[in-house]
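In what follows, a structure is listed as structure tokens, so that the remarks can point back to it.
Just so we're clear, the structure is a prediction, and the values are computed from it rather than from any experiment.
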Amino acid sequence: MPRADLVVYNIGELVTFREGPLRGREARDPQRAGILRNAGVAVRSGRVIDYGPSSEIRARYEAAYTYNARGLLVTPGLVDPHTHLVFAGSREDELELKLLGYSYEEILAKGGGIHRTVRATREASIEELERLARERLLEMARNGTTVVEVKTGYGLLPEYEYKMLEALRGLNAPGLPGIVPTLLAHVIPQEYKDDREGYVELFADEIVPGAKRVEPKPVYIDVFCDKGAFTVEETRRILQAGLRHGYRLRLHAEELAYIGCSDLAGEMPIDSMDHLEYLPPGNAKLLASRGTVATLLPSSMLSVFSEKKPPAQALREAGAVVALATDYNPNNMNPSMQSVIDLAVYLLGMTPLEGLAAATVNAARSLRLDGSHGLIARGAAADLVVWEVPSYRWVGYKWGVDRVREVFVGGVPVKGGVD
Ligand code: NIG
Ligand code: FE
């Protein structure tokens, strides 16, 4: 009898998303979600080796461990494709300032916001940054997240940007979500406030190529392209350097204002554009036709008290691949993709199934990990969420609390349960 490390059985409803990524309306269609009832999943060496009817999977494998899912919903692990989770310090007082009417940009322009986190992060040791990042990753895992994109951007100068990457080195460990590192051009540092061009040159010509020698090496180059951050021209220069040096590209775009960042999708291969509150609905077609994933961050939208929402309906009608992410950062301390799905349902008009697809298979697409993560298929990572609810229709229907009973990251349970 073939052996398995783990068999999860008695799954009431298994949503596999094996046909993903799902474009536009497809993400709402239960026929496209690859749903099985009374299912089982077999795992060996961190990967799914088989899935099918529960009784057959149980009978087919000699399992070292089993897990009885008791008729509940099981989905692929949640993928969080946009976070800033390495940082020191906190900014809880800025929440009160925002509530008094100061805008995110005003706080930033006064040397608060990102600049304040930069000061704290530069002062922190690598060990301290690693400890903070580990705690945050564990909290995310317990809430269902099994892959996390992590950005730099609170160092700004070469040595500190590289320190942020090095803080991730020890975090490639069993039971922790997988990490996709990104080098982020976040803002012009205060040392360069009278020499923007000098900083863009430093970032493009020194920080970008130098990061290739850091361990872990970033997969992505990202730029905060927005009013108060980098202009379209500056962004273009940094992204072009990224391409030349063999990185993949993603972008913060149209969060605080429309300044034309999303137009760059027509010029360069950009895997994902994120935020998009001010995306002109006409540009939804551009993203769809270029295969650029639209990654929406509804909790981040709330944390800047945005007057605008991203055009979710235009993106759906254009047939874009839409993903969700937390944007976990000191301005938005929300580690939970579950809550992001809830907000996508109630603020952006996504259906529960659409929200789940956006947080799994489409979020994996945003990181170009589709095929290996965010879906349940033979050979894919054994990243599974066992929900406290019986069906995908209950995700976002029951809301506001943790609904995750167990999470398997590469087959390892993070909440402590096997039979
Ligand atoms: O994605 N928008 C730019 N950066 C982050 C916020 C970072 C911060 O405020 O520390 C974001 O929202
Ligand atoms: Fe961000």
Side-chain angles (χ1 to χ4, degrees), residues 4-20 22 27-44 47-61 63 65-79 141-146 336-339 341-342 344-345 350-362 373-378 380-419:
D5 299 330
L6 169 73
V7 164
V8 180
Y9 65 102
N10 233 339
I11 299 170
E13 190 174 280
L14 178 69
V15 179
T16 65
F17 288 127
R18 62 191 167 206
E19 285 181 43
L22 298 165
R28 291 188 153 194
D29 181 357
Q31 304 295 334
R32 301 298 301 261
I35 299 173
L36 276 70
R37 319 252 171 219
N38 304 319
V41 177
V43 172
R44 193 192 301 138
R47 297 187 178 276
V48 172
I49 51 168
D50 203 358
Y51 64 96
S54 182
S55 51
E56 287 176 25
I57 295 293
R58 277 202 90 178
R60 199 174 298 153
Y61 294 94
Y65 294 93
T66 57
Y67 181 89
N68 182 351
R70 296 175 200 280
L72 294 170
L73 168 69
V74 172
T75 69
L78 306 177
V79 175
R142 285 193 298 267
N143 278 279
T145 300
T146 54
S336 167
M337 286 295 288
Q338 294 181 62
S339 81
I341 296 173
D342 297 342
V345 169
M350 291 171 82
T351 67
L353 188 62
E354 201 175 16
L356 264 178
T360 55
V361 72
N362 287 3
H373 294 80
L375 82 172
I376 292 164
R378 287 187 188 86
D383 293 349
L384 308 172
V385 174
V386 183
W387 296 75
E388 295 278 4
V389 299
S391 148
Y392 70 84
R393 295 186 131 147
W394 278 71
V395 175
Y397 170 57
K398 179 166 181 190
W399 67 293
V401 288
D402 177 18
R403 286 139 289 167
V404 160
R405 174 169 293 189
E406 187 53 90
V407 183
F408 293 94
V409 184
V412 176
V414 305
K415 286 192 160 179
V418 280
D419 292 345

Q.
Could you go through Leu356 and Ile341, starting from their C-alpha distance and side-chain angles, then the distance that decides it, and tell me whether this counts as side chain to side chain contact (heavy atoms under 4.5 Å, CB included)?
A. CA-CA 7 Å; Leu356 264 178; Ile341 296 173; 4.2 Å; yes

Q: Please identify each residue that fulfils side-chain hydrogen bond (donor to acceptor under 3.5 Å, both in side chains) with Lys415, with sequence neighbours left out.
A: Asp402

Q: Could you name each residue pair satisfying ring pair (Phe, Tyr, Trp, His ring centres under 6.0 Å) that touches residues 398-419, not counting sequence neighbours?
A: Tyr67-Phe408, Tyr346-Trp399

Q) How close do Trp394 and Val389 get, heavy atom to heavy atom, and via which atoms? A) CB-CB, 3.5 Å

Q) Can you find a heavy atom in the side chain of Ile57 that is under 4.5 Å from one in the side chain of Val41? A) no

Q: Name all pairs fulfilling the salt bridge (Lys or Arg N to Asp or Glu O under 4.0 Å) condition that reach into residues 381-394, sequence neighbours left out, sorted by first residue then second.
A: Glu388-Arg405

(Q) Do Leu22 and Phe17 have side chains that approach each other closer than 4.5 Å (heavy atoms only, starting at C-beta)? (A) yes

Q: Please identify each residue that fulfils salt bridge (charged side-chain N to carboxylate O under 4.0 Å, His left out) with Asp5, with sequence neighbours left out.
A: none

Q.
Tell me the closest heavy-atom pair linking Ala69 and Val8, and the distance in Å.
A. CB-CG1, 4.3 Å

Q | Residues forming a ring pair (Phe, Tyr, Trp, His ring centres under 6.0 Å) with Tyr65, sequence neighbours excluded | A | none

Q. Roughly how far, to the nearest 0.5 Å, is CD1 of Ile11 from OH of Tyr51?
A. 11.5 Å

(Q) Do Trp387 and Thr75 have side chains that approach each other closer than 4.5 Å (heavy atoms only, starting at C-beta)? (A) yes

Q. Do Pro76 and Ile376 touch side chain to side chain, with heavy atoms closer than 4.5 Å?
A. yes

Q | Residue of the set Asn10, Leu14, Leu36 for which side-chain contact (heavy atoms from CB on, under 4.5 Å) holds with Val74 | A | Leu14

Q) With no hydrogens and no angle check, is any side-chain donor or acceptor of Glu406 less than 3.5 Å from a backbone partner on Val385? A) no

Q | Heavy-atom donor-acceptor pair, Gln338 side chain to Gly144 backbone, under 3.5 Å | A | no

Q) Can you check whether Thr360 reaches Leu78 side chain to side chain, under 4.5 Å on heavy atoms? A) yes

Q: Check whether any side-chain heavy atom of Leu73 sits under 4.5 Å from a side-chain heavy atom of Arg403, and report yes or no.
A: no

Q | salt bridge (Lys or Arg N to Asp or Glu O under 4.0 Å) contacts touching residues 28-44 (sequence neighbours left out) | A | Glu13-Arg37, Glu19-Arg32, Glu26-Arg32, Arg28-Glu354

